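As structure tokens, the structure follows; a few thoughts come after it.
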2 protein chains.
Amino acid sequence: MKKFALLLLLPIIGKAQIPSYKPAVNFIQQHKVSMLEEFMHFLAIPNIASDKENILRNANWIMAAMKQRGINDVSLLYPKTKNAPPAVYGEVITPGATETIIFYAHYDGQPVDTTKWATGLHPFKPVLLPGIYDDNAKTISIQEAIEHENARIYARGASDDKAGVMAIINAYGALKASGINPTVNIKFFFEGEEEAGSPHLHEIMELYANKLQSNMWVICDGPLHQSGRKQVVFGVRGDTHVEVTVFASKRPLHSGHYGNWAPNPAMQLSKLLSSMKDDNGKVLIKDFYSDITPLLASEKEALRKIPNVDQQVMDELGFIKPENSSWSLADAVNMPSLNINGIQSANVGKLAANVIPTKAIASIDLRLVVGNDWQKQQQKVVNHIKAQGFFVTDREPTDEQRKKYSKIAMVALSSGYNAQKTSMDNPFAKRIVKAVATTSVDPIITTPTLGGSLPLFIFEKYLNTKPISVPIANHDNNQHAENENLKLSNFWKGIETFMSIMTLQK
Amino acid sequence: MKKFALLLLLPIIGKAQIPSYKPAVNFIQQHKVSMLEEFMHFLAIPNIASDKENILRNANWIMAAMKQRGINDVSLLYPKTKNAPPAVYGEVITPGATETIIFYAHYDGQPVDTTKWATGLHPFKPVLLPGIYDDNAKTISIQEAIEHENARIYARGASDDKAGVMAIINAYGALKASGINPTVNIKFFFEGEEEAGSPHLHEIMELYANKLQSNMWVICDGPLHQSGRKQVVFGVRGDTHVEVTVFASKRPLHSGHYGNWAPNPAMQLSKLLSSMKDDNGKVLIKDFYSDITPLLASEKEALRKIPNVDQQVMDELGFIKPENSSWSLADAVNMPSLNINGIQSANVGKLAANVIPTKAIASIDLRLVVGNDWQKQQQKVVNHIKAQGFFVTDREPTDEQRKKYSKIAMVALSSGYNAQKTSMDNPFAKRIVKAVATTSVDPIITTPTLGGSLPLFIFEKYLNTKPISVPIANHDNNQHAENENLKLSNFWKGIETFMSIMTLQK
């Protein structure tokens with residue numbers, strides 16, 4: 001229906017309005033089978049950043065796929081630090097072009113807990129299903145998937161973010177195969193440790209600062225808006241982590257013989273975590289919200305235009321009350337957050353035993369907005385833990401410490417990075433917004449920030465550049481978790497988005 | 001030194017004081033190698049109550065070991081319920097004896113989490129070490145273990161409670177081999193699902209009520225007092241469990257895109273658990289302490305005589321403040337308790353991912369004293385969860401329930417049993433106390449209750465009998481947890497204890 005509507009409009013809006021990339025859409029239509037086959041091969045290569053051998057297999061695979069599409073200067077950019085994953089780089093110089101866009105995606109994925117994936121699904125054995133996974137779902141063939149409008153591909157990285165890598169190189173490949181010239185120089189940059197917090201990205205930027213100059217970095221990562229509309233995102237939250245381990249007895253104790261007397265670390269941790277938030281989800285850690293740079297009027301205006309999807313999303317997710325009832329979803333991602341990513345102490349279920357555990361661990365995620373400094377934000381959490389009466393150490397407590405302190409927490413501070421924002425008035429960005437809008441019948445969304453994080457802060461710091469994000473994945477993609485998936489229709493639409501940006505108009 | 005001291009005393013206390021079982025001690029001395037070999041074979045048979053096949057292997061193994069020692073009427077007593085583990089039974093009729101003692105132990109063990117056992121240790125591959133496990137410990141041979149005064153055997157069940165089974169049958173075997181007659185009729189009863197809460201023990205008692213009559217059940221389970229002294233225990237706490245699962249979003253969410261807005265079940269669970277205890281370990285659940293039967297004067301007196309080992313145990317365990325600072329360890333086990341046995345929500349450490357988990361689970365252990373009813377005690381916890389605003393269900397919430405309630409907890413109530421106590425003035429029990437005291441140079445301890453639990457309540461209910469407990473394991477045995485172990489010196493002393501009881505004097 002939408003296509004038909006567009007065709008009807010064509011005579012009215014005139015020939016000048018037909019985007020120059022349009023013939024390449026036919027090429028995509030005709031090559032869906034081979035593109036999906038190729039994508040599935042790519043997804044079958046495990047891509048956890050710490051798995052050096054497989055990370056390199058991914059990088060080499062991408063290089064081959066880029067060369068096959070006629071991309072030049074394809075190479076691996078290594079940071080100074082040894083054994084860190086390389087970025088995959090390539091470029092296309094367009095004769096006469098004076099502007100350059102660098103397309104970014106990352107090929108590494110979040111750690112996997114294979115046991116949690118649904119029956120028939122596996123992080124590194126990609127399969128196609130006719131829709132969202134349920135117990136009756138049967139895998140379908142590539143041909144069936146192409147014909148099925150709700151088909152999804154399931155694998156780690158299917159959406160976050162191998163989809164980005166494939167959509168970008170397929171966009172260029174289709175233009176090239178269709179004889180359509182980009183209007184700008186194009187550079188490709190695919191990172192290999194984004195999900196590990198991009199600890200060496202700045203080193204690559206420092207070493208290859210000349211190569212990495214551009215008018216705009218376009219970041220393909222994250223999901224579309226929950227309304228299903230395409231969006232251009234002008235910022236990201238920062239991210240860092242604090243892992244807290246509370247220690248009690250040195251050896252696990254029988255909960256009968258010692259229950260009521262020996263301290264329970266799971267209870268101590270529960271009390272500590274509880275003290276961090278009030279019942280309405282407000283973080284109680286001192287100064288947690290104090291560094292925030294207020295939103296600009298233009299950002300507030302953009303937020304007002306975003307369709308409110310809160311009820312739809314709550315219906316989808318099966319809950320009726322947001323954690324913080326004073327914020328809409330759109331408001332909430334413009335504030336710093338604190339979330340428990342996981343808790344563990346001894347065992348539950350069939351493995352539960354009658355013990356008082358020796359320790360209890362919580363992994364805490366901190367998201368940051370512009371104004372927050374990630375190390376300061378971590379320190380606020382550490383100060384809070386101390387204020388709750390804990391002795392804080394960065395390693396397992398010694399016998400001497402155990403004899404001195406009644407409450408002991410080991411705190412591991414991860415690396416992290418700050419939030420980043422690009423002005424919504426940036427003229428080059430506005431042209432990209434227009435290019436994306438051209439590919440969509442529905443109005444597209446522009447938003448000051450994504451709730452998720454990317455190390456865009458260091459693009460500013462090391463390259464003095466202001467990136468924007470153009471995500472393509474469906475919002476219900478189980479990103480970072482089990483059963484990660486990508487809706488195929490999002491993949492095809494995403495390729496079109498990038499073809500439009502590569503043929504950017506004045 | 002102690003042995004030498006005893007020898008010096010012998011001429012003074014006179015021949016009449018030499019216990020009749022004494023010659024059998026030599027038999028034990030001479031057969032330690034074969035007894036340990038046999039014990040290690042026994043420990044190598046996995047013994048989780050739910051593992052029906054291996055449970056039966058254990059039962060058959062015990063039957064063979066009993067027959068080898070000349071025990072009669074060896075058989076498996078099955079409950080009415082199909083597929084439940086059998087108890088192993090046997091008996092020895094002593095000509096002229098008018099009294100009967102039944103010795104109880106259990107051959108099943110707590111569930112195991114093999115990954116948590118120290119390097120070189122495995123729940124079902126028993127090894128011998130020269131002392132408490134540390135990273136430098138090397139396994140030693142049986143011969144070395146016999147010569148090493150601190151040697152320990154490591155395996156699930158090493159102390160809880162295959163040690164009981166072996167000490168009891170070895171005690172009888174040594175008497176028999178030494179030509180010493182017991183003074184009482186002896187019955188043997190080894191249960192196969194004590195760690196699963198003894199759900200079918202009452203059925204066995206009902207079916208075999210005649211066979212199971214006696215003057216006294218002597219229960220061998222649990223540890224010696226932390227002072228290292230032998231003890232006779234006149235009661236046990238009851239035990240039951242409540243497992244709570246808090247639900248939030250139906251699918252795991254990206255903690256960036258939804259952090260601050262989607263409810264976090266790990267935080268909800270932390271707040272719920274925190275609400276159950278104050279900062280001094282006092283349970284805040286309504287009426288938690290209201291059903292307690294006060295201690296008798298004789299029990300209070302016994303408690304006063306128990307050496308206070310709190311500081312020693314805290315030093316050993318590496319903490320300086322008990323959970324509840326108003327109670328000594330001895331006081332604490334005479335009160336009902338609530339302990340978190342384990343918590344789990346998503347993952348921590350290397351497997352931690354940037355998610356808001358879908359659910360968070362806590363396994364809660366409730367210990368009970370005389371006066372408490374296990375189902376009422378569970379219900380108090382359920383009422384408390386409801387009072388914290390949770391909708392409580394016994395299964396995964398439906399979509400309708402998710403649309404109706406903002407806080408949802410699935411509560412699984414396990415089976416359980418009440419506490420039990422035998423009067424400290426029971427005349428038959430007093431003779432057993434004397435028999436145990438005979439085997440020890442140090443004064444022995446009598447105590448109104450063990451902190452741990454055994455289903456002794458149903459002995460009263462179904463057999464109208466009052467049991468007592470005579471534990472043998474070292475207190476630092478990691479019972480119920482990883483690296484469970486038994487000090488071999490406790491094993492040999494335990495065998496002597498049972499030989500003395502089997503030759504009970506008037």
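Note that this is a predicted model, so its numbers are computed, not measured. Chain letters run A, B, ... following the sequence lines, proteins first, then strands; residues in each count from 1. What you see below is based on every heavy atom in this structure, not just the backbone, and it leaves out hydrogens, waters and symmetry mates.
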Using heavy-atom distances under 4.5 Å, tell me whether [X] contacts chain B through its side chain, its backbone, both, or neither.
X        : value
A:Asn280 : neither
A:Asn477 : backbone
A:Asp239 : side chain
A:Val112 : backbone
A:Lys407 : neither
A:His475 : both
A:Glu195 : neither
A:Pro336 : backbone
A:Ser328 : backbone

Output the distance between atom [atom1] ([X]) and atom [atom2] ([Y]), rounded to the nearest 0.5 Å.
X        : Y        : atom1 : atom2 : result
A:Tyr258 : B:Leu329 : OH    : CG    : 6.5 Å
B:Met267 : A:Asn339 : CE    : CG    : 8.0 Å
A:Ser270 : B:Lys277 : OG    : NZ    : 11.0 Å
A:Lys250 : B:Asp315 : NZ    : CG    : 9.0 Å
B:Asn347 : A:Thr115 : CG    : OG1   : 7.5 Å
B:Ile343 : A:Ile343 : CD1   : CD1   : 5.5 Å

Problem set entry | salt bridge (charged side-chain N to carboxylate O under 4.0 Å, His left out) against A:Asp134, all qualifying residues, sequence neighbours excluded | none

Top contributor to chain B contacts, counting heavy-atom pairs under 4.5 Å, from [options]:
options                                : answer
A:Pro265, A:Ala481, A:Gly256           : A:Gly256
A:Ala360, A:Pro397, A:Pro223           : A:Pro223
A:Leu351, A:Val333, A:Asn478           : A:Asn478
A:Ala362, A:Pro322, A:Ala352, A:Gly389 : A:Pro322
A:Thr358, A:Asp310, A:Asp113           : A:Asp310
A:His254, A:Arg237, A:Gln110           : A:His254

Heavy-atom pair count under 4.5 Å with chain A, highest-scoring of [options]:
options                                : result
B:Ser453, B:Ala262, B:Gly222, B:Gly281 : B:Ala262
B:Pro252, B:Ser249, B:Ala346, B:Ser363 : B:Ser249
B:Ser325, B:Gly349, B:Ala412           : B:Gly349
B:Lys116, B:Glu323, B:Lys321           : B:Glu323
B:Gln268, B:Lys350, B:His241, B:Met276 : B:His241
B:Pro111, B:Ala332, B:Ala248           : B:Ala332

Exercise. B:Val355 pairs by side chain to side chain contact (heavy atoms under 4.5 Å, CB included) with which of A:His480, A:Glu482, A:Gln479?
Worked result: A:His480

Problem set entry | Residue from B:Ile356, B:Val348, B:Leu269, B:Asn264 passing side chain to side chain contact (heavy atoms under 4.5 Å, CB included) with A:Ile340 | B:Asn264

Checking [X] against chain A: side chain, backbone, both or neither under 4.5 Å from a heavy atom?
X        : value
B:Glu316 : both
B:Asp278 : backbone
B:Lys404 : backbone

Problem set entry | A:Ser255 and B:Asp365: side chain donor to acceptor below 3.5 Å | yes

Exercise. Does the side chain of B:Asn354 reach to within under 4.5 Å of the side chain of A:Arg367, using non-hydrogen atoms?
Worked result: yes

For this session: Evaluate the side-chain proximity of B:Leu450 to A:His257: yes if any heavy-atom separation is below 4.5 Å, no if none is.
Result: yes

Seminar exercise, completed: The single option from A:Phe247, A:Phe391, A:Trp261 that satisfies ring pair (Phe, Tyr, Trp, His ring centres under 6.0 Å) with B:Phe319 is A:Trp261

Exercise. So, are B:Arg251 and A:Asp476 salt-bridged, with charged N and O less than 4.0 Å apart?
Worked result: no

